[in-house]
Amino acid sequence: MNATPRTSDRLATLLRPGRSRALAGFALAAVLLFAVAPVLLSPFRLGLLAKFLCLAMVAVGIGLAWGRGGLLTLGQGVYFGLGAYLMAMHLKLADAGPGGVPDFMSLYGTGEVPWWWEPMRSPAATILLIVLVPAVLAGLLGWAVFTRRVRGAYFAILSQALAAAFAILLIGQQQTTGGTNGLNGFRAFFGYDLTDPVNQRMLYLIAAGVLLVMVLVARQLMVSRFGELLVAVRDGEDRVRFLGYDPAAVKTVVYVVAAVMAAVGGALFVPIVGIISPADVGVVPSIGFLVGVAIGGRATLLGPVLGSIAVSWAQTTVSEQFPSGWIYFQGALFILVIAFLPGGLASLVRRRRRGGAAPPDPRDDDAPTDPAPPDPAPVPHTEGRPA
Amino acid sequence: MDILLNQLFAGLSLGSVLLLAALGLALTFGQMGVINMAHGEFMMAGAYTAFVVQGVIGSAGVSLLVALPVGFVVGGVLGLVLEATLIHRMYHRPLDTLLVTWGVALVLQQVARDVFGAPNVDVTAPEWLSGAVTVGGIALPKTRLFILAVAIVCVATLSVALRSTPLGRRIRAVVQNRDLAEASGISSRGTDRLTFFIGSGLAGIAGVALTLLGSIGPTLGTNYIVDAFLVVVAGGIGQIKGTVIAATALGLMQAFFEYSTTASVAKVLVFVVIVAFLQVRPQGLVTVRTRSLV
Amino acid sequence: MRLRTPAATRNLGGLSLAALTVVTLTACGAQVDSPGADASAATGTTCVDTSGDTVKIGFLNSLSGTMAISEQTVHDSLQLAAAEINADGGVLGKELEIVTEDGQSEPTVFAEKATKLITSDCVAAVFGGWTSASRKAMLPVFESQDSLLFYPVQYEGLEASPNIFYTGATTNQQIVPALDYLAEQGVESLFLVGSDYVFPRTANKIINAYAAAHDIDVVGEEYAPLGHTDFSTIVNKVKSADADAVFNTLNGDSNVAFFKEYSNAGLSPDEMPVLSVSIAEEEIGGIGVENVKGQLTAWNYYQTVDTPENAAFVEAFQAEYGEDRVTSDPMEAAYDSLYLWKGMVEKAESFAVADVQEAADGVSFDAPEGIVTVNGDNHHIAKTALIGRIGDDGLIHTEWSSEEPIEPDPFLEGYDWAQDLS
Amino acid sequence: MTDVPATTEVETGPDVETGAAVEALLGTDTSRFRHDYLEVRGLRVTFGGFVAVRDVDLTVTQGDLRFLIGPNGAGKTTLIDAITGLASATGSARFGGKELLGRGTHRIARDGVGRTFQTASVFEQLTVLQNLDIAAGARRGPGTLLRRRRGVPEPVEQALELVGLSALRDTTAGVLAHGQKQWLEIGMLLVQDAHLLLLDEPVAGMTHAEREATGELLRRIGSQRVVVVVEHDMEFLRSFADSVTVMHQGQVLAEGTVADVQNDPAVVEVYLGSPVVSDPTPPTGADATPVSATATKENA
């Protein structure tokens, strides 16, 4: 086919960083995560970063579902919590030893391990369930609501109510879930002592590796035909239907992917932070996940990750200085970005890039095709049609 | 039998509370498509208004009645400011209004904390609302009867206003076809502002009424916002009727589930029922049939 | 249209996978069942610096979020105690340097900030925490880092950590005396109302065991989700159950809605008193005095306690924070905790954790509530139990006192009826 | 973003004359649909109490470029909505021997029914190429979907050429001119392999030259596929329609050749009261031979 560079090609290319840039970006990220951070940061700060990486995993999924798919999911805390609780149950059972009973159950409950805890005695089953349970729940729920064309604001509100219900359910089952206390006081992670600094560093590296893998998965999904289809569904669900696709299936798939990513993030969060409680899964943390995604740039690949890490980092450092100031800062930042810069900070970067020279071969891009027009406002149009 | 009647009243009363909280949302979300998460904070502002009015007037008997219209204005003005600064540029992206207003809600809560202090404050219920009216062996707390009455008055006024005043017709015209309405000389900007003013003002009234039942603190609104949105979603968009039915139904369900199980389980059950219901009627209880597609 | 080679992707994936594998393989630390694990578990190599004129301590309270309402007051009284101690020459001649952190009402943040205070700020001890969840989240941190936490709030018991000093009441210093009092008043049936979380559930377990052994009927037990705002159904149940008294373990905002509903439904303290264990002077203003006057509370301290120490404490507190401020039990327990730590350090003549733990037993303080003494076995404090009645002035007045400090018994081992509890 | 490169403007627009691509695209695998026809019987759509479409019978065969006209609110779009599963209807609508009513929209689409919309609805944030590629891919398996698109599928390439958008293949669809968007939509129908094409006002807002080009394209497509065009433009209709169905108040008012319906007094009456039609030469009046709606049906 015709390989002559076309003027129109330049336009398209300007929207996408070149392959070399993407490669360099990943390499830089890998070096930063695997080499620089462990050397420069104190164990405490490294532990914090590990926690932020877990939260960033949720953000990757949200970036896919919301930025690309237009599904504003206000209930990712549910899947984060599922993964976290499953992992925490395993750690509690492992600490208790074979046939043992987790301490809190004998303190507050009957001292009997309920049947649905039993599978988590096996490490393999736990890892499997951390992926399966959220996938199945998200699949069923997604399929149910998407085939009935519950979408836009309705979906957002339903997912939010789901988070609220999930937190209430957890709190109410104190004897088996630890109630508001949640699950905590873990000693070991698959046999490795959690208080050992070497093992803590290992956990950090695992989190960094998993996050990178997730970013690669997200990238593959974005650049694939599925990614194009996803944008099409976001911008014109009915139109896609008239082309012979079932948009419900597309949405369900991306919803499941986001759920699994959140669950894996939650599962790693538990050994790193040492606690999971309903305070980490309800309505407020669920919306909190969105903050970083929105600020970083919802429709981009790295925007959600970087945004999420930056926001977490800012929250920790700013709130150390000004406890109540942080809330004003966070609120104001969120308002300004969403209202005036819907593409997030990533769109600023891209806007600046447009001034630069075009890469030599326009078609040689290896980066996710970003559907958002750079100017004036990349509006992921979501169906807000009331009826 | 007494219990049944008691719970019936409890459910209706809870329904009226939900209705008050959701009525303004039915306007701003249902009619304008704006998902205003700060609606709860407008309620909070109404509640603090009642507190301030009481401090100024002193007499509890009068201050509540004064606080209702003042609360309406306070909520309305807050809404107006929000609309004029942020919302008006976002009508075409409803999901983003959700996020922006969530940020606004955060800030408003912190403002309340910094202005009024973190601890809850108290509004004294007027003497004429203390105690209960006994009807057929059932004690009906006067405060709850009062809230029921406020809810009924609000609904009645709103539906009459929407149906038969020129303002209401303008609102409905803009809601149904913005472009056409503008072409017919209706200023949609003005109408948007007015709708948002009234919707937010209703939140203010709800806040004042709630001082009779619960605590007045910075987080007052967050306790109601999720339920209020569920009411609007279940009720369907575009008509007040759906909101009224949904609020009543949710209130009754919560009351009876709570009686037979526990408050926590009841909340989860109500959620399950709503999801199941939306499977049957994805657009809610009452929908305006429309031919506009794609 | 040129076809793209997949090489870039593949290399990249390979790169990071390889990196991951390498680091995972090389970075294996101690396993739990490997020898020497216990040694590595307590790797809390302390960085506390006591060489200078000052010593750092950490205050960790929620200054933002939902719990800020309560925890800010504790923070205030901790600051007061620190200022007093510094004015009086400090601890072992060293001035206290306060590092404040905000727990943000989230357990994970408490754990994170506790780690920071211990490992980055190198504080000698941490004072703070309120909810059980925050304490449970911090406990593993303090144990693994081998540092000290002073926890100032009455709680559900069933815990004793060498690294935590519990300066609020445990169950046998608050709930059990409250039940004793009710039994003494001839109460034969109880209705239990609580928020749905660990303290009420554990408290109610104890109450049920007590009731079974003392011929008291528990005629109802209801839990409301935290932040629940509509109590008409629960009050309906209370009313129809017609118990002699209500035992209330509701938390925070829910109390407001509950008591408004309670008085609106025509229930009064005369016919069915409510005994609350989570309502202190701070909360009464928010509930509205008219809704709670005449109701009962169980604590170890009230602002009205008549001791010279309390008069000085209240005066100093109001001078610092305003005449309209009230003092409450958790504030007083926090205030005590700093003085108790001072006493332990001075007895040990050392800031080292092990020395402080060693010296803790028997350290006492003439607190505003009366004399309090540290129990070296379980790290709780011997305190006097007080049942109070809420007055028209919005303050709580002592109705009944255990007269003597009660020795702490967090696992209720000294009570026959409680043997099956845990 | 509005600066669509000037070089490309020269060669945009359907290019039917050089139509190797047309043959390639339209000629592929039409055998299974050959001599298929759309058959609508007793179709009825109600919204609440309002009957939008009332007992419509309609038969359209291959090679018969059918225009559907009528004043606003006559039920034209609703009829298309019903056939494509967007509006629920009673009665029957069969294509290729299959009943369409009561089935999901995407299943109907997979059976070869495609449509366009009054306002061109393309995926504005995707490129022209991506739009067409998606349209071509409803039957792709997960394996294909999850891989990156490499190269351009043959039908997409042909469609690009056919609708004259080859040069703009990598342009974001949102910045296309109005007419270009409508061509893109038609292109999407073609690669979608639709054999029943329902086009809702495909030439609205186009220049005269663009209309001519579009008309030629439709005529070419109509010879191989079943095509129904909803259109208000009478001049366009006279130039390209093989037959016309007139709807009014949800019912079929008349049907036949252009001349037939122009002389139909019922049609004249309806249209004289309606300002919608921009017809420069009104029908010749009441003295023309009346042709009843039922009689003209035989022409179909």
Side-chain angles (χ1 to χ4, degrees), chain A residues 66 70-72 74 141 144-145 147-158 160-166 168-169 171-173 236-239 242 283-284 287 290-291 294 324-328 330-340 342 377 379-387, chain B residues 29-31 33 35 37 85-87 89-111 113-114 175 222 225-227 229-230 232-233 236-238 262 264-265 267-268 270-272 274-275 278-284 287-290 292-294:
Chain A
W66 177 37
L71 300 174
L72 179 52
L74 296 179
L141 196 76
V145 299
T147 49
R148 294 301 294 165
R149 304 191 193 177
V150 173
R151 57 187 164 185
Y154 282 67
F155 173 74
I157 289 166
L158 265 192
Q160 182 178 46
L162 175 72
F166 183 63
I168 291 174
L169 203 60
I171 292 170
Q173 305 302 312
E237 181 175 336
D238 287 313
R239 188 71 185 86
F242 285 110
V283 171
V284 174
I287 298 183
L290 291 171
V291 178
S324 75
W326 165 248
I327 292 183
Y328 287 121
Q330 184 193 25
L333 190 65
F334 198 50
I335 293 166
L336 292 177
V337 168
I338 299 267
F340 301 101
V379 181
H381 175 78
T382 39
E383 286 95 11
R385 192 160 53 80
Chain B
F29 175 53
Q31 312 263 332
I35 310 167
M37 296 295 280
T85 52
L86 293 169
I87 301 285
R89 52 182 92 238
M90 306 179 67
Y91 282 122
H92 56 294
R93 34 191 183 122
L95 292 190
D96 281 4
T97 62
L98 187 159
L99 299 170
V100 161
T101 52
W102 183 72
V104 172
L106 268 189
V107 171
L108 285 179
Q109 276 178 36
Q110 191 59 35
V111 168
R113 216 169 265 136
D114 289 346
V175 163
T222 52
I225 191 74
V226 175
D227 285 345
F229 267 113
L230 281 182
V232 180
V233 165
I237 272 170
T262 69
S264 306
V265 174
K267 283 210 154 182
V268 177
V270 167
F271 170 73
V272 171
I274 290 174
V275 172
L278 286 178
Q279 283 299 299
V280 187
R281 299 201 62 149
Q283 305 302 349
T287 48
V288 182
R289 289 280 188 159
T290 168
S292 70
L293 297 157
V294 181

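So that the names make sense, note that chain A is the first sequence line, chain B the second, and so on, each numbered from 1.
- Side chains of L74(A) and L290(A) form a contact here, defined as non-hydrogen atoms less than 4.5 Å apart.
- Residue A294(A): no heavy atom, backbone or side chain, is found under 4.5 Å from chain B.
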(message) Would I157(A) and F29(B) count as a side chain to side chain contact (heavy atoms under 4.5 Å, CB included) here? Give the steps.
(response) CA-CA 12 Å; I157(A) 289 166; F29(B) 175 53; 4.0 Å; yes

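- Residue contact with chain B, scored on non-hydrogen atoms closer than 4.5 Å, involves the backbone and the side chain of V145(A) alike.
- Taking chain B as the reference chain and counting heavy-atom pairs below 4.5 Å, the highest number among G331(A), G172(A), A161(A) is found for A161(A).
- Interface residue V280(B): only backbone heavy atoms are found under 4.5 Å from chain A.
- Residues meeting the ring-ring contact (aromatic ring centres under 6.0 Å, His included) test with F166(A), sequence neighbours left out: none.
- Residues meeting the side-chain hydrogen bond (donor to acceptor under 3.5 Å, both in side chains) test with R149(A), sequence neighbours left out: none.
- Looking only at side-chain heavy atoms (C-beta outward), V104(B) and F334(A) stay at 4.5 Å or farther from each other.
- Only the side chain of A156(A) has a heavy atom closer than 4.5 Å to any heavy atom of chain B.
- Contacts between I35(B) and chain A at a heavy-atom distance below 4.5 Å involve the side chain alone, from C-beta outward.
- The main-chain N or O of R281(B) is never found under 3.5 Å from a side-chain atom of R148(A) such that the two would form a donor-acceptor pair.
- With a threshold of 4.5 angstrom between heavy atoms, F229(B) approaches chain A through its backbone and through its side chain.
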